[in-house]
Amino acid sequence: MGYNIAIDGPAGAGKSTIARLLAKRKGYVYVDTGAMYRALALYFLEQGIRPEDREAVVDACRKAEVAISYEDGVQQIYLNRRNVTSQIREEAVGNMASVTSAIPEVRARLLDLQRQLAKEQDVVMDGRDIGTYVLPEAQVKVYLTASVETRADRRYKELTEKGVSCDYEEIARDIQERDERDMNREVAPLRQAEDAVLVDSSDMTIEEVVEKIEGLCEG
Ligand code: DC
């Protein structure tokens, strides 16, 4: 097993920013598991499958091959050999991923890939159930969170800077809805692992959070 750092937490807590930076500093591979759920979600959307149609989702799962590779250290995600790295970032894909990731067969489809990556190399892996389920033996586990307001602020800023017009209230509502779904689903709900360290980034800079986690790796 490689050295495994597991970072879980709700949407918009800064997991990917922190995990990416941390991986770079430590020379580890960053594995974004949310991207894998998003790739499957994109497939469901493209096939015109409704998320409530569980049978169709499960069936489609078998036809969707998700793979990842790295280009200049940046994770690239493939859906049936097509690079979908930028496409999966759309809001609609995120919402579809949030709904369909509650289906056990969808989760099972990605589990081996995630465990295999962590077995072969040193990784910083982020998601919702990494410390609790995917990598229970991870050497370092962090539950990274921030208040809904902070997360909505960050998302609003990010979108506005990209020139995307958006509504703050709608973003906050979306975040709350996604928390609700991710935390209350029956399979692999988002929760802090017993041995995970809670880091609330609401009043911390990115640098402070990365340093804090780096400190945990040495301890
Ligand atoms: O982190 P993200 O927003 O890219 O993830 C998209 C959705 O995928 C999220 O709403 C919940 C789901 N997800 C999951 O259930 N388990 C993971 N390990 C990662 C993501």
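We number each residue from 1, following the sequence as shown. Note that ligands are numbered from 1 as they come in the structure, with each ligand's atoms numbered from 1 the same way. Source: prediction; values computed, not measured.
- A salt bridge does not link Arg81 with Glu65: every distance from a Lys NZ or Arg NE/NH1/NH2 to an Asp or Glu carboxylate oxygen is 4.0 Å or more.
- Of the charged side-chain nitrogens involved, none lies within less than 4.0 Å of a carboxylate oxygen, so that Glu91 and Arg38 do not count as a salt-bridged pair.
- Within ligand 1, counting atoms from 1 as listed, the ones closer than 4.0 Å to a heavy atom of Ser101 are 11 (C), 12 (C), 15 (O).
- Looking only at heavy atoms of the protein, atom 7 (C) of ligand 1 is closest to Ala97 CB, 3.8 Å.
- Under a hydrophobic clustering in which Ile, Leu, Val, Met, Phe, Trp and Tyr are joined whenever their side-chain heavy atoms come within less than 4.5 Å, directly or via other members, Val197 and Leu190 fall into different clusters.
- No salt bridge links Arg154 with Glu149; every basic N to acidic carboxylate O contact stays at or beyond 4.0 Å.
- Taking atom 8 (O) of ligand 1 as the reference point, the nearest protein heavy-atom neighbour is Tyr37 CB, 3.6 Å.
- Of all heavy-atom pairs spanning Pro51 and Ile103, the tightest one is O-CD1, 4.3 Å.
- Ser98 pairs with exactly one of Arg128, Arg185, Arg178, Arg181 by the side chain to side chain donor-acceptor pair (under 3.5 Å) rule, that one being Arg181.
- Between Asp126 and ligand 1, no pair of N/O atoms sits closer than 3.5 Å.
- Ranking protein heavy atoms by distance to atom 9 (C) of ligand 1, first place goes to Arg128 NH2, 3.3 Å.
- For ligand 1, the atoms sitting less than 4.0 Å from at least one non-hydrogen atom of Asp182 are 9 (C), 10 (O), 11 (C), numbered in the order shown with element in parentheses.
- At under 3.5 Å, not a single nitrogen or oxygen of Asp32, backbone or side chain, sits near a nitrogen or oxygen of ligand 1.
- In this structure, Arg181 has no heavy atom closer than 4.0 Å to ligand 1.
- Here Asp179 pairs with Arg151 in a salt bridge; the nearest charged N to carboxylate O distance falls below 4.0 Å.
- For ligand 1, the polar-atom distance check against Arg185 finds a nitrogen or oxygen pair separated by under 3.5 Å.
- Around atom 10 (O) of ligand 1, the closest heavy atom drawn from Gly9, Pro10, Ala11, Ser98 belongs to Ser98.
- Proximity to Arg38 (heavy-atom distance under 4.0 Å) selects the following atoms of ligand 1: 2 (P), 3 (O), 4 (O), 6 (C).
- At a 3.5 angstrom cut-off on N or O pairs, Thr33 counts as close to ligand 1.
- Side-chain contact of Glu180 with Gln176: a donor-acceptor pair under 3.5 Å is absent, judged by distance alone.
- Ligand 1 lies less than 4.0 angstrom from a heavy atom belonging to Arg107.
- A salt bridge is absent between Lys141 and Asp129; no separation between the charged side-chain nitrogens and carboxylate oxygens falls under 4.0 Å.
- Residue contact check: Gly127 has heavy atoms under 4.0 Å from atoms 17 (C), 18 (N), 19 (C) of ligand 1.
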